[in-house]
J.: 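Take a look at this one; I'll ask things after.
In the text below, chain A, chain B and the rest are named by the order of the sequence lines, each starting its count at 1.
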Amino acid sequence: MSQDFISMLNEISEKWQRKWEESRIFERNPEERQKFYTTVAFPYPNSPFHLGHGRTYTTCDIYARYKRMQGYNVLFPMGFHYTGTPIVTMADDVAKGDKELIEIFEKIYEIPSSVIPKLSDPLFMANYFKEEIKKAMKELGLSIDWRREFTTIDPEFSSFIVWQFNKLQSMGYVVKDTHPVGWCPVHNLPVGMHDTKGDVEPEIGQYVLIYFETPFGYLPIATLRPETVFGAVAVWISPKDKYSVVEVDGKRLILSKKASFRLSFQLDLKEVQELTSEELQKVKAVNPITGREVPIIPADFVDPTLATGVVMSVPAHAPFDYYYLKKSKLELPIVPVVKLDNTDAMARDVVEKENPKSDADLKKLTELVYRTEYNKGKMREDVVDLVKPEYREELKEIAGKPVPEARKIITDFVVKKKLGKQIYEIMNKPVYCRCGNEVVVKILKDQWFLDYGNPEWKAKTKKLLSKMRVIPPEVRKDFEYAIDWLEKRACARTRGLGTPLPWDKKWIIESLSDSTIYMAYYTIAHKIKQHKLHASQLTLDFWDYVMLGRGNPEEISKSTGIDKSVIEDMRREFLYWYPLDVRHSGPDLIPNHLSFFLFNHSAIFPEELWPKGLAINGFILYEGKKMSKSLRNILPLRKAIRMYGADVIRIALACTVDLGSDANFTDVGAKAIADALRRFYEIVTAHYSGDVMGKPERWLLSKFNNLVKEVTAEMGELDLRGALNKVLYEMTSNVNEYFEMVRAEGREPNGKVMKRIGLEWTKLLSPFAPHLAEEIWHKLGNETFVSLEKWPTYNEAEIDVKLELEHEFVEQVIGDVRSILNVFKGTPTQVMIFAAGKGEMEKLRKAIEVTSSGGTLKNLMDQLRPSSKEEARTLQKIYQMVISMPETIKKMASYDIDEYQVLKENARYIEHKLGLNVTVEQFDENVRARYNKEALPLRPAIVVQ
RNA sequence: GCCACCGUAGCUCAGCCCGGCUAGAGCGCCGGCCUUGUAAGGUAAAGCAGGAGAGCCGGUGGUCGCGGGUUCGAAUCCCGCCGGUGGCUCCA
């Protein structure tokens, strides 16, 4: 039963994990041997691991184990990422008694209720989950060198980050700039997704303000569609709010009170006067682009909290405007400015046609108009005639332009002429901070950025990418795109755990910025611990020498008090492991972490130390669905390992689909893997008493050698799915086939051959299912670790293609007989097989030759010149047969095979498989006459009685 | 909206790059091996009725999302459409 087997798997897994740890075989130091250095993005311990986390680590481990068996000195280290806000936020939530979160911790992750209150301390949470994750990693059988473990808030690691940022700073890659962020006006803090109600990311976009002149000052209409300003025939204001006159950039602007509060976070503004909407309605406004004087009208649909609380009215292109203007019975013209194929005033058309009943209906129509005009609209040629004479020349080019281009032209014009400006707004507003206040946009001044837009830096990074191996190859273009697209990126925040920015300590270096070159830190992390070095000793000079070979170790030794030999040893160790050979990750990290990883390596390290490979794997679904808190379908990794066994989980996560695809973990799938492993175990550990070395043995060895050859190639390409399929399924069916073959000969499987194959086969399984492989390896009488054994090589001399083809031929004949039996009426007792004569093979070869070079039946006849009608008919049949013949059987024709002999030799096997008496004879004219059957080459005549 | 990837058996997926193999694999499903009962005094079970955890043997299963086009020939190449998933910056 598979459950018993899984229990056994769990027992042996624990045993072998312990033995690996005791013998320290995965703790690697520099050696003469060639190295292989691989890493996975380190985990962020704000929850235990679930199934999905396991895939990348397992993929990396399987490849690491394979490389190790190939003779490389393999290093696979691990650390923990404490930097950033989510741990802090989550701890806060626990402190606040967040029911959902606590329920997930208790019910899904089965965290003891005595521990839960302690999780309100962020450091306790991080440490607790770190240990939890570490256990999961060990239980999964990952071959990690744990001596090198660290966390990103260790002071020693901080000294390394300080060094990195000093380097980036000196290269001019760190810049100061302003930056809009979501902001809570009460907390006075930036607000990210984790800080909002319902975990909504505040989306920040830009509105264009255009200043309409009034006697009180300028009315800044706010719009996402500045290109329609030519068609503005009125200005809407809100009757629900008062208006303030404020001074901005030396101009007087009129904003709703609420807007003025919100905008005070991004504009330097001073209130000078208060107005009611009634006072405003009494005056007129002048469109600064057209010079047209327009009325100011109150409207309920105007949201005084959005942007400036002032909106222009463009009835030709805005359904709200058309609808409410019509309702207001004001005689205002409709001025169309954007043309489509079938209309010039889409808003009017859709409102008339759809007859909206509510603001919600109007909103839908607005989206439709907006989308259609944006994608298909062009500016009318005559918009220029609407423009004030003094601007006409400069705006002439806008005529006929598609909407997106026109929008850019008018925006630039307005900003340049100071007829308006751009402001930021929360596009998905309202977004609320967890404290309940609505989030606004704040312009952060003096924010620190990493300037990924720097062209020189981009060029260097692209060069790095071009020299790097990327698996699967399709994702390379995602990286090219991401590198092109990245611009300035904020690299410091005001809260969270992490390393303070060295030259401006109120900022904490942000989590995606302090995790870009830490792979270099692993190479010497254990030495820092071993020599008990203090962070204060790890100076800029120290890191300059260890990482870049700059400076004099003697002087550094003096200034830091670290032994010169220790410093030099660390430099040597770094150079031994670096560059990184392969980094494994999920696709979510392509546009950020992995791209930053490339950028920072290209900046800091010389070309010969640039990373050499990236492998990107897909996600894990659970029973066809993405795991999520809301679906409550999270399966914790440690629980899954208990349920199915580590080896089963490894295979289910990493080997059921190809690398780049998402894998679906299912209960039945996992049990099927357990069954397959059990079959493997039973076959390999059984005792076989035969000693005959016959054709079946040679066939099996040939198959096995071929398999080793193919699997090795697939492992090299990280085609774990293909490799595992062959190792676990294909080989098992080969062995079963072999058992059939010897059974047909009435004998036992050959013990020596089975032992030899069992050992080699176990090695092939070992990267995938290391625990079971170790157990079998020892059961078979070995004292060593199979994890450290040499990966099997194939012996070309044992590959007998002809023998394999012969067997395939026999299988094909058996298949043919079966299909005849399927339609045979009555009870069959006897099968007669008549093989075609040897001479016929020549015709077949010729036919294959002719068809594969594109020839026709006529060409074949011309070449062979049949001497009789009979022969011509046979040729025709051969020709037809070749057209639908499998490649492998075609290939057989190129070997000198005596099919009569082959069938004769395999007659007992065929009998055994069919359970019927079988005779094999040469085909001749008598047979043709008697049974009215024809034997073609490799297609013997079959008669069932 | 834009970009990327995907749509093949009941399910999970190969095959597509580079057109031609009988479109494959695993799981599932069905049948058999197994088992219980059933004839006249006993024995025997073809048939019939029922039971089966695994295993073994055999079998079943597909308008290749839809519509056009290129070609002697399309799951494969091209175009359009429909459906799904992910990404689109300060979030780890």
J.: Starting at atom CD1 of Ile590(A), determine the distance to atom C1' of rA4(B), rounded to an integer number of angstrom.
T.: 10 Å
J.: Taking rU85(B) as the reference, what is the distance to rU8(B) when you measure between their P atoms (whole Å, please)?
T.: 15 Å
J.: Examine the side chains of Arg679(A) and Thr732(A) and answer whether a donor and an acceptor come within less than 3.5 Å of each other.
T.: no
J.: If you check every side-chain atom of Ser661(A), which of rC57(B), rU89(B), rA14(B) has the closest atom?
T.: rA14(B)
J.: It should be established whether Lys477(A) places a side-chain nitrogen or oxygen under 4.0 Å from OP1 or OP2 of nucleotide rC5(B).
T.: yes
J.: For a quick check of understanding: with a heavy-atom distance under 4.0 Å over all strands, which category does Glu682(A) fall into, base, sugar-phosphate or nothing?
T.: nothing
J.: Sticking with atom C1', work out how far rG55(B) lies from rG84(B), rounded to a whole angstrom.
T.: 40 Å
J.: For the P atoms, the ones on rG37(B) and on rU43(B), what distance do you get once it is rounded to whole angstrom?
T.: 12 Å
J.: Run the ring pair (Phe, Tyr, Trp, His ring centres under 6.0 Å) check on Phe449(A) and Tyr173(A) step by step: do they pass?
T.: CA-CA 8 Å; Phe449(A) 291 87; Tyr173(A) 293 156; over 10 Å; no
J.: Which part of the nucleic acid does Lys488(A) contact within heavy-atom distance under 4.0 Å: base, sugar-phosphate only, or nothing?
T.: base
J.: Could you give the distance separating rG15(B) and rG67(B) at their P atoms, to the nearest angstrom?
T.: 24 Å
J.: What's Leu589(A) touching, base or sugar-phosphate or nothing? Going by heavy atoms closer than 4.0 Å.
T.: nothing
J.: Mind checking the C1' distance from rC72(B) to rC79(B)? Whole angstroms is fine.
T.: 22 Å
J.: Grab the NE2-P distance between His593(A) and rC91(B) for me, whole Å please.
T.: 18 Å
J.: Could you state the interatomic distance from NE2 (His317(A)) to CD (Glu227(A)), rounded to the nearest 0.5 Å?
T.: 9.0 Å
J.: Look at all strands and tell whether Ser515(A) reaches a base, only sugar-phosphate, or nothing, counting heavy atoms closer than 4.0 Å.
T.: nothing
J.: I'd like to know if Arg476(A) and Glu480(A) make a salt bridge, using a cut-off of under 4.0 Å between side-chain N and carboxylate O.
T.: no
J.: Roughly, in whole Å, what's the span from CG in Asp658(A) to P in rU12(B)?
T.: 16 Å
J.: Output the single nucleotide from rC5(B), rU89(B), rA92(B) whose closest atom is nearest the side chain of Asn592(A).
T.: rA92(B)
J.: Could you check whether Arg55(A) makes a cation-pi contact with Phe619(A), meaning its NZ or CZ is under 6.0 Å from the centre of the six-membered ring and within 45° of the ring axis?
T.: no
J.: Shorter than 3.5 Å, N or O on both sides, protein versus nucleotides 25-33 of chain B: list them out with atom names.
T.:
none

J.: rU12(B), OP1 or OP2 - any side-chain N/O from Thr656(A) closer than 4.0 Å?
T.: no
J.: Can you tell me the distance, in whole Å, between the CD atom of Glu730(A) and the P atom of rG24(B)?
T.: 15 Å
J.: Please give the distance between the C1' atoms of rC21(B) and rU76(B) as a whole number of Å.
T.: 14 Å
J.: Quick check for you: to the nearest 0.5 Å, what is the distance between Glu510(A) atom CD and Arg493(A) atom CZ?
T.: 7.5 Å
J.: Please state how far atom CD1 in Ile616(A) lies from atom P in rC5(B), giving the value in whole angstrom units.
T.: 15 Å
J.: To the closest 0.5 Å, what do you measure between CG (Leu486(A)) and OG1 (Thr461(A))?
T.: 9.5 Å
J.: Would you say Arg743(A) reaches rC56(B)'s phosphate, i.e. side-chain N/O to OP1/OP2 under 4.0 Å?
T.: no
J.: Given the rule that a pair is Watson-Crick or G-U wobble with both distances under 3.5 Å, how would you write RNA chain B in dot-bracket, using | for pairs to a different strand?
T.: (((((((..((((......[...)))).((((((((((........)))))...))))).....(((((..]....))))))))))))....
J.: Out of rC57(B), rA92(B), rA4(B), which nucleotide sits closest to the side chain of Pro86(A)?
T.: rA92(B)
J.: Do Asn600(A) and Tyr452(A) have side-chain atoms, one donor and one acceptor, less than 3.5 Å apart?
T.: yes
J.: Does a salt bridge link Asp675(A) with Lys671(A), judged by any charged N lying under 4.0 Å from a carboxylate O?
T.: no
J.: Taking the nucleotide of RNA chain B with the nearest heavy atom to each, does Asn736(A) or Ala663(A) sit closer to the 5' end?
T.: Ala663(A)
J.: Check whether more than 12 heavy atoms from other residues, nucleotides or ligands sit under 6.0 Å from atom NZ of Lys488(A), and answer yes or no.
T.: no
J.: Which nucleotide in the set rU89(B), rC57(B), rG55(B) lies at the smallest distance from any side-chain heavy atom of Glu740(A)?
T.: rC57(B)
J.: As a test of reading the structure: which of rA54(B), rA4(B), rA92(B) is closest to the side chain of Arg678(A), going by heavy atoms?
T.: rA54(B)
J.: Tell me: CZ of Phe479(A) to P of rC88(B), nearest whole Å?
T.: 14 Å
J.: Does a side-chain N-to-carboxylate-O contact under 4.0 Å join Glu911(A) and Arg908(A)?
T.: no
J.: Quote, to the nearest angstrom, the P distance that separates rU70(B) from rG7(B).
T.: 25 Å
J.: For the residue pair Thr499(A) / Asp514(A), report whether a side-chain donor-acceptor contact shorter than 3.5 Å exists.
T.: no
J.: Can you tell me the distance, in whole Å, between the CG atom of Asp719(A) and the C1' atom of rA14(B)?
T.: 10 Å
J.: What's the CZ-C1' distance between Phe619(A) and rA92(B), to the nearest Å?
T.: 12 Å
J.: Judged by each residue's nearest nucleotide on RNA chain B, which is more toward the 5′ side, Asn664(A) or Asn46(A)?
T.: Asn664(A)
J.: In whole Å, measure the gap between the C1' atoms of rA92(B) and rC81(B) for me.
T.: 38 Å
